[in-house]
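Step one of this worksheet: look at the structure below.
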Amino acid sequence: MKAWGLERFGLGNLQLSTLELPERKSGELLVRVNAVSLNYRDRLVVEGQLLPSFPSMPFVPVSDFAGEVVSVGTGVTRFAAGDRVMGNFWTQWTNGQATDDLEQNVSSLGGPLQGALAEFIVIPESAAVATPRNLTDVEASTLPVAALTAWFALTESAETTADQTVLVQGTGGVALATVQIATALGAKVIVTSRSAEKLSRVRKLGVSTVIDTSVERNWSVAAREATNGRGVDHVLEIIGGENFAQSMEALAPGGQISVIGFLGGFDMQLNAVPLMLCR
């Protein structure tokens with residue numbers, strides 16, 4: 001099969017090559033990959049910033065995909081050849097809270113497990129999800145990392161309700177999924193971005209307040225003003241770095257921050273006082 005693989009870290013080392021078709025075992029599916037989506041996580045893996053060491057090489061990156069089942073192993077009952085599926089990139093985490101179990105922490109597609117930037121991929125039946133009939137494979141491939149992260153943060157890590165305010169940073173995949181899910185739950189949504197053009201477009205998704213951070217450097221003040229001084233109930237922290245301190249300042253007493261990303265740096269900084277006051 002054709003696949004994009006790495007022999008060592010670095011985007012410049014990504015090469016198209018011919019690899020052996022992956023071996024399907026009991027309880028697994030062989031899936032023809034029809035579409036993939038790219039996440040920031042994929043870039044971190046390829047550049048060697050996320051994994052401490054390389055998995056087996058050549059390594060095929062990319063976590064998210066959608067495709068069609070080609071064949072199934074013995075014991076598979078939920079799917080058959082011809083079914084359309086997408087993959088849950090964290091293959092051993094299907095429900096409940098994540099744990100420190102070693103098997104779970106080494107079972108992510110696209111690092112350290114082989115990923116989907118290939119014609120075919122093998123995944124456990126438990127990690128396969130039926131693709132909704134109303135979605136194309138391209139559309140479905142965008143759901144596992146971005147949309148599921150937003151869903152987990154809003155509905156499982158927290159219980160978002162219609163009387164709450166949710167703040168999300170930027171207009172990337174997780175942010176846009178958060179906007180749509182939180183709005184569907186009836187919550188008020190605040191979006192921050194340094195792009196006035198993107199903020200104009202995101203308003204059309206039902207956002208109640210937008211904050212242009214190229215103008216409002218202290219965006220936490222604007223967020224509190226938008227909530228009549230109370231603060232927001234839930235911040236999806238996507239930027240990290242120095243931005244984390246403002247997320248704390250914007251938070252209402254008893255509020256929650258879901259740490260999603262670190263676009264602004266791996267080290268997060270905060271003042272202890274707002275942290276203490278929110279507990």
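This one's a predicted model, so the numbers in the text were calculated from it and none came from an experiment. For this chain, numbers begin at 1 and follow the sequence in order.
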Contacts under 3.5 angstrom, residues 170-193 side chains, donor-acceptor by atom type, not counting sequence neighbours:
residue: Thr178; atom: OG1; partner: Val174; partner atom: O; Å: 2.8
residue: Gln180; atom: NE2; partner: Leu176; partner atom: O; Å: 3.1
residue: Thr183; atom: OG1; partner: Val179; partner atom: O; Å: 2.6
residue: Ser193; atom: OG; partner: Ser195; partner atom: N; Å: 3.0

Pairwise side-chain contact, [X] with [Y], heavy-atom cut-off 4.5 Å (strictly under):
{"X": "Phe120", "Y": "Leu30", "value": "yes"}
{"X": "Ile121", "Y": "Gln114", "value": "no"}
{"X": "Val60", "Y": "Leu19", "value": "yes"}
{"X": "Val221", "Y": "Glu216", "value": "no"}
{"X": "Leu29", "Y": "Asp83", "value": "no"}
{"X": "Asp64", "Y": "Phe89", "value": "yes"}

Quiz item: Taking NZ, NE, NH1 and NH2 as the nitrogens, is one of them in Glu47 or Arg43 under 4.0 Å from a carboxylate oxygen of the other?
Solution: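 Result for this pair is no, no salt bridge flagged.
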Quiz prompt | Salt-bridge present (Asp212, Arg194; N to O < 4.0 Å) | solution =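 Salt bridge: no.
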Report, as yes or no, whether the 6.0 Å neighbourhood of atom [atom1] on [X] holds more than 12 heavy atoms from other residues, nucleotides or ligands.
{"X": "Arg217", "atom1": "CZ", "value": "no"}
{"X": "Glu159", "atom1": "CD", "value": "no"}
{"X": "Arg224", "atom1": "CZ", "value": "yes"}

Quiz item: Can Val72 and Glu125 be said to form a side-chain contact (heavy atoms from CB on, under 4.5 Å), step by step?
Solution: CA-CA 9 Å; Val72 302; Glu125 178 186 22; over 6 Å; no
Atom pair [atom1]/[atom2] of [X] and [Y] - distance to nearest 0.5 Å:
{"X": "Glu68", "Y": "Asp137", "atom1": "CD", "atom2": "CG", "value": "8.5 Å"}
{"X": "Leu14", "Y": "Arg8", "atom1": "CG", "atom2": "CZ", "value": "12.0 Å"}
{"X": "Arg41", "Y": "Leu44", "atom1": "CZ", "atom2": "CG", "value": "9.0 Å"}
{"X": "Ile211", "Y": "Leu167", "atom1": "CD1", "atom2": "CG", "value": "6.0 Å"}
{"X": "Thr161", "Y": "Asp233", "atom1": "OG1", "atom2": "CG", "value": "7.0 Å"}

Exercise. Step by step, work out the side-chain contact (heavy atoms from CB on, under 4.5 Å) result for Asn218 and Gln246.
Key: CA-CA 7 Å; Asn218 294 323; Gln246 290 214 57; 4.2 Å; yes
Exercise. Give the C-alpha distance, both sets of side-chain angles, the deciding distance and a yes or no for side-chain contact (heavy atoms from CB on, under 4.5 Å) between Ser258 and Glu237.
Key: CA-CA 6 Å; Ser258 293; Glu237 172 58 69; over 6 Å; no
Practice problem: List the steps, then state whether side-chain contact (heavy atoms from CB on, under 4.5 Å) holds for Glu7 with Phe59. | Solution: CA-CA 7 Å; Glu7 292 289 349; Phe59 172 67; over 6 Å; no
Exercise. Show your working on side-chain hydrogen bond (donor to acceptor under 3.5 Å, both in side chains) between Gln256 and Ser157 and close with a plain yes or no.
Key: CA-CA 9 Å; Gln256 176 174 327; Ser157 178; 3.0 Å; yes
Quiz item: Is the backbone N or O of Ile238 less than 3.5 Å from a side-chain atom of Gln169, with the two atoms forming a donor-acceptor pair by type?
Solution: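 Present.
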Quiz item: Which ILVMFWY residues are connected to Met86, directly or by a chain of links, through side-chain heavy atoms under 4.5 Å apart?
Solution: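 Its cluster partners, ordered by chain and number, are Val129, Leu135, Leu143.
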